[in-house]
Structure formats: structure tokens, C-alpha cells
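Working notes for the structure below.
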Amino acid sequence: MSPNGASDEVINKTNKVSAKLKAIYKDNILPSEKRYQYDFFYESPFLTDVEFDAKPQVMLVGQYSVGKTSFIRYMLGRDFPGARIGPEPTTDRFTCLINGPDERTIPGNALSVHPELPFRGLERFGVSFLSRFEGSQLPSTVLRSITLVDTPGILSGEKQRTNRGYDFTKVVAWFAERADLILLLFDAHKLDISDELKSTIDVLKGHEDKIRCILNKADQINRQQLMRVYGALLWSLGKTIDSPEVLRVYVGSFWSEPLKSMDNAELFEQEESDLMRDLAILPRQSAVRKINELVKRIRKVKALAYIIGHLKSQMPAVMGKEKKQQKLINDMPNVFRVIMKKHNLAPGDFPDINQFTAKLKETKFSEFHSLKMDQIQLLEDCLSSHLPHLMSELPSETDSPETLRAKFAEGEQDVVPLPTRGAKFGKVDATNAASNPFGASEEEDNYWALEESAERLKESFAALGPQGGFLSPQTAKEVLIKTGLQKDQLRAIWNLSDIDRDGYLDHHEYVVAMFLCDAVIQKGRPIPAELPMSVIPPSKRPMINDRSSGF
């Protein structure tokens, strides 16, 4: 088979992943969900085809005036329909930002019945919620790859909470189950965790792997205060989130305005770069996330099936049904232990015992279905065979660059564009020179001798499959080894090219590396001890100057 034929075959396999997930769900999982009333006990509707096809979702959660809407505007590089920003609680509704040809807002009732959007399940929260739910449609390169969900600012007063007209935490839980990333924002001046925020964090239990915390507006405090605030935030989160792992906290000022204090500018730039990289690669991780969520769901369905089957088997045939049901409900902790031990199930697969007991009181055990082992076997087949096979068709560390490109299949559209942020951190912004088709002159500060090489190498850089705009150390190593240079030479070239010392090569650093390799191979020049300023990309020169100054 030709290389192109092999590539096409992998592309076809990748395009079938979503379709295979739908088939696995409908054939193996949905029958058990219906039989054992998963939608009732977990308050989670059955999945639809649209949910498997949906773009990755990023949900922003936080108290009012922490900068959620400003963050979205920074990501998009523009305002969006329905955006309201202010120090008071301005965002009073859930807003989903979606890509579209024209700018408009879509009312929640219409959005919930849209055939191409995964919001049908929100109908269960009623008209009072749907009137506080809207879509914001606009043409955006960012929204081609992801969907952003802006949430109302979380309040601290009990009166405001009761006036919402819907259960805020249950709606957050619905979105959290479907989100690929949950951004939990805090204001450096407002670290108190209110009762409603604590309730909201509580419903995120089980989704800790998706949560990223943001300490926003950190440029408004000095370095000493920042150290104290950061420690206080970690302490508060440790008290609130019952997890042995420390959540990742990004520190900075996440909007387009210049920093108010440059004391921590380098730290904030690195933190923002890390966060944006997390966001940029979301589309490539989406398929893995869908499989991960489906595995979670299968485990919960299986545990529920055993519980319902056990309760049904304990019921008398004729007399004393109500008395027996009440006895089983009162003895639910022991029932859980018996089922867990008998079927070798993990405690984390079981529902919350208090919520489950409350649900049981609304049912009649005698009407439950008995356990069907053939359906349990279908669930086991998913975990042991179907889903592992599907995982093998997705990108992995063992893939070559060529296989990765074939598996991704959609090239640069798989990466979310990042905001341009040089001027924000007090650096020379090279965009003005870039707007001149002939570049900058040698006398200008932003002149770069490799500008033409960068344009020429753009295609070859993209062909290597950069993630979030960066080549991994392994990929970059393979490219450099192919030049045939000695190991000591490549080590020196890497030290010069990896200007920001992050272990990855972005496009400009890749250009510098190729320039140095070409100078040695084609022109026989020695590798310089340090790069001439004209060869260093303008955006990275402040780093070199800082090092030279001893910072």
C-alpha cells in the first residue's frame, strides 16, 4: 500500500470515531440506562447524537466581577452579542458562544431545540431557566474549534440565590458533565468562598481533572501581596475541594489591557502562555475526553444496575412490599456494602447515598426490573474491548509525525488561535512591521533577518503537527537528528534556539534552529557562542536582554 493510501486509511478511521461512539452507546449502554432508570436517579438525560458530535466546551465559573466575560472577550479578540461587563453582577444568564456567519443572540427556548446544538437536555430545567439562557453567535476563528459557556456571577446572599427561579448548581452540574475544561476564576481582591460558590464547587466533584483555577487581576497587587494571596487561595481550595491533588492555578491578568504593574510581568506571561496552550490543544483531546466521559457513565450505569437488581430481588412476591421497601431504604449503607463486595465494584462508581435514598422514596421497588446479566456483559464488553480498540485509533506518544498528521486529519483547524499579547506585557509589538509586506528595515528595532525564512518554513512547521503552536521535545529532536549533525552540535543549536527555555520550539524558534543547521551544513560556518541580535525574533529579545542584565 502506498504511503498516501495508508494515510487515507487512518483518516477514515479517525472520522469514524464519533460514529462508533454513538453505535456503542446505543447498542450497549442505552438499553441498561432505560431499564434501570439512569435518567431518573442521576438526573442526566439519555445522550443524543448531537452530543457526540459537539465541539469541545469550556465553561467559566466564578463570583461576580472576577473577569469571566472579559476573559472571553480577550480570547475572541472582540466583543460579542449580549456581552455586559461591569463591577456589579452584570451577567445574569448562562450564555453559550457559538460560531456562525452573522452576529445575533438566540433565545434559550430556541437554542434548546436547535437540531445541531447539544442543549436539548436543558429543557428539563423549565421555562424559568430557559428565559435566563441564551446563545451568542458570531463569526470567530476561536469558536470554530470550541464552544465557550459564560455563567452568571455567583452571589453571596441567600435572598439573591432564591430569586434565581431555577436550581443554579444543577444547571452547572449539567454543563460540567459535558464540558472539556472548567475554568474556576477568582479575583485577587475577593478570595472569600461564599455558600453558593461552595455548593457549585461541590457539584463539580468527579470532574476535578477538568478544573483549572485562575487567579485574575493579580497585576493590581505587589509581589509580596501576591505570594500571600496565592497561598490563601490554595488554603481555601484545599478546605473546599476534597481531593489529595492540588489544583492547577494560573496567575495573571487575563484581559487585553496592559498590566498595571510590571513587577511580575514575566511570570504572568508564562502563566498565560501555559493556560492558552491548555486551551489550544482542546480540539485534539476532544475524542479522548468523550471516551473518558463515556467510561465514567458506563461504570455508574453498571453499579446502578446491580443496585436496582438487588433491591428488586429482595422484594416479597405478595404481602409486605411497602414495609420491606422502607426497611431496605433505611439500611441503604449496608445494601451498598453488600453489592460492592459481591460484585467487586469501586466505591466511586456508586451514587451519592443521600440523594439516591431521596430518589428511592419516590419509587416502588416492586416495579423495578430484575438484573439481566446479558446487559451487564454488554457494559463489560465496552470497557474491555470496544473502547480500548477505539482508543488505539487516536493519536498517541508512539505515533510518528506522519501518522499524527493523518490521525488529526484537519490540520491547523484543530488548534485554537491564541491572543496576541506582546504589548500587554510591555514588550515591543512586532505586528506593525508584519503589516508591511516588505518587513522592517535593518535600522528598525523590530527588524528580523529571518523574516523570509519564517514565511518559507511555515508550511514545513505545520506539517510536523505542532500542538498549541509548539513542537514537543521529541518531535523537534527527530527533525534535528535528520540533519546528520553531531550530537554536540545539535545540543549547542538547541540551547541557542530554545530561547525561552521552555523545552519546546515554537515557529520562530524552529526557524532559528533550521537557520543554524543550514549555516553549518551548507556554508560550513561554526556554531556561534550566542545569537546575533538580528537573528533573534523581536518578540524574544527582551528575554535575552533580561539574561544579559542578570535577571
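Starting from 1, each residue takes its place in the sequence as its number.
Side-chain contact check for I182 versus R212: every heavy-atom pair is 4.5 Å or farther apart. A 4.5 Å side-chain heavy-atom check between V249 and I214 finds every atom pair outside the cut-off. Counting heavy atoms from C-beta on, the side chains of L181 and L183 come closer than 4.5 Å. Taking 4.5 Å as the limit, every side-chain heavy atom of V50 sits out of range of all side-chain heavy atoms of H114. Annotation: side chain of M276 is in contact with side chain of L279 (closest heavy-atom distance under 4.5 Å). Residues S140 and E103 are not in side-chain contact: their nearest non-hydrogen atoms beyond the backbone lie 4.5 Å or more apart. Within the 4.5 Å cutoff, no side-chain heavy atoms of E455 are placed close to those of E451. Using a 4.5 Å heavy-atom cutoff, the side chains of F515 and S453 are not in contact.
Donor-acceptor pairing under 3.5 Å is lacking for the side chains of N99 and Q137. With no hydrogens or angles considered, a side-chain donor-acceptor pair links T69 and D150 at under 3.5 Å. For S497 and Y510, the side-chain atoms include no donor-acceptor pair closer than 3.5 Å.
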**Candidate pair F175 and T151, rule side chain to side chain contact (heavy atoms under 4.5 Å, CB included), full reasoning** = CA-CA 10 Å; F175 277 106; T151 61; over 6 Å; no
**Request:** Please step through side chain to side chain donor-acceptor pair (under 3.5 Å) for the pair E177 and S44, ending with a clear verdict.
**Result:** CA-CA 9 Å; E177 192 174 335; S44 176; 3.3 Å; yes
**Message:** For a side chain to side chain contact (heavy atoms under 4.5 Å, CB included) check, start with the C-alpha distance between L185 and Q63, then their side-chain angles and the critical distance, and finish with the verdict.
**Reply:** CA-CA 8 Å; L185 283 86; Q63 298 188 99; over 6 Å; no
**Message:** Before you tell me yes or no, could you show the steps for T95 and V149 under side chain to side chain contact (heavy atoms under 4.5 Å, CB included), namely the whole-Å CA-CA distance, both residues' side-chain angles and the distance that decides it to 0.1 Å?
**Reply:** CA-CA 6 Å; T95 304; V149 181; over 6 Å; no
**Item:** R120 and E51: CA distance, side-chain angles, deciding distance, side chain to side chain contact (heavy atoms under 4.5 Å, CB included) verdict
**Value:** CA-CA 9 Å; R120 191 65 182 262; E51 291 181 86; over 6 Å; no
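The shortest non-hydrogen separation linking A513 to I493 is O-CG2, 4.0 Å. The minimum heavy-atom distance between G469 and F461, with the atom names listed, is O-CZ, 3.7 Å. In terms of heavy atoms, P45 sits closest to W174 at CD-NE1, 4.1 Å. Pairing each heavy atom of K68 with each of V61, the nearest pair is CD-C, 3.7 Å. Here the closest non-hydrogen pair linking V512 and P537 is CG2-CD, 4.0 Å. In terms of heavy atoms, S253 sits closest to N216 at CA-OD1, 3.6 Å.
R104 has no carboxylate O lying under 4.0 Å from a charged side-chain N of E134, or vice versa, which leaves the two without a salt bridge. Using a 4.0 Å cut-off between charged side-chain N and carboxylate O, D498 and R501 make no salt bridge. By the 4.0 Å N-to-carboxylate-O rule, E293 lies too far from R178 to be salt-bridged with it. Ionic pairing of K217 and D187 is present here: one or more N-O contacts between side-chain nitrogen and carboxylate oxygen are shorter than 4.0 angstrom. Salt-bridge formation is not detected for the pair R248/D278: no Lys NZ or Arg NE/NH1/NH2 atom is positioned less than 4.0 Å from an Asp or Glu carboxylate oxygen. We find that D502 and R277 are joined by a salt bridge, their nearest charged nitrogen and carboxylate oxygen being less than 4.0 Å apart.
Taken to the nearest 0.5 Å, the NE2 atom of H386 stands 11.5 Å off from the NZ atom of K20. Between M59 atom CE and C96 atom SG the span is 10.5 Å, to the nearest 0.5 Å. Note: K290 NZ to L387 CG = 14.0 Å, rounded to the nearest 0.5 Å. Between atom CG of residue L490 and atom SG of residue C517 there is a gap of 6.0 Å, rounded to the nearest 0.5 Å. In this structure, the separation between CD on E257 and OG on S70 is 9.0 Å, given to the nearest 0.5 Å. L197 CG to I154 CD1: the interatomic distance, rounded to the nearest 0.5 Å, is 4.5 Å.
Remark: Y250 engages no residue in a ring pair (Phe, Tyr, Trp, His ring centres under 6.0 Å) (not counting sequence neighbours). For D506, the side chain to side chain donor-acceptor pair (under 3.5 Å) test picks out K540, with sequence neighbours left out. For the ring pair (Phe, Tyr, Trp, His ring centres under 6.0 Å) test, residues two or more places apart in sequence or in another chain that qualify with H508 are W448. Partners of D209 by salt bridge (charged side-chain N to carboxylate O under 4.0 Å, His left out), not counting sequence neighbours, listed by chain and number: R289, K296. Residues forming a side chain to side chain contact (heavy atoms under 4.5 Å, CB included) with T147 (at least two apart in sequence, or on another chain): K55, Q57, I98.
Checked by atom type and distance alone, the side chain of H507 pairs as donor or acceptor with a backbone atom of A454 at under 3.5 Å. Between the side chain of E509 and the backbone N or O of D500 there is at least one donor-acceptor pair closer than 3.5 Å. Judged purely by atom type and a 3.5 angstrom limit, E208 uses its side chain to pair as donor or acceptor with the backbone of G206. Side-chain atoms of S273 never come within 3.5 Å of backbone atoms of E269 as a donor-acceptor pair (strictly under, hydrogens ignored). Side chain of S385 to main chain of C382: no donor-acceptor pair is present (N/O by atom type, distance under 3.5 Å, no hydrogens or angles). The main-chain N or O of K300 is never found under 3.5 Å from a side-chain atom of D349 such that the two would form a donor-acceptor pair.
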Pairs under 3.5 angstrom only: tabulate donor-acceptor contacts from the side chains of residues 525-534 to other protein residues two or more places apart or in another chain.
none

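Checked against a 6.0 Å centroid threshold, the rings of F254 and Y74 do not count as neighbours. For F94 and F133, the distance between ring centers is not under 6.0 angstrom.
The side-chain contact (heavy atoms from CB on, under 4.5 Å) test with N264 is passed by exactly one of V251, L226, L259: L226.
Seen from the ring of F80, R73 does not count as a face-on cation partner, given the 6.0 Å and 45° thresholds.
Taking the six-membered ring where the residue is Trp, Y25 and F52 present tilted rings, their angle falling between 30° and 60°.
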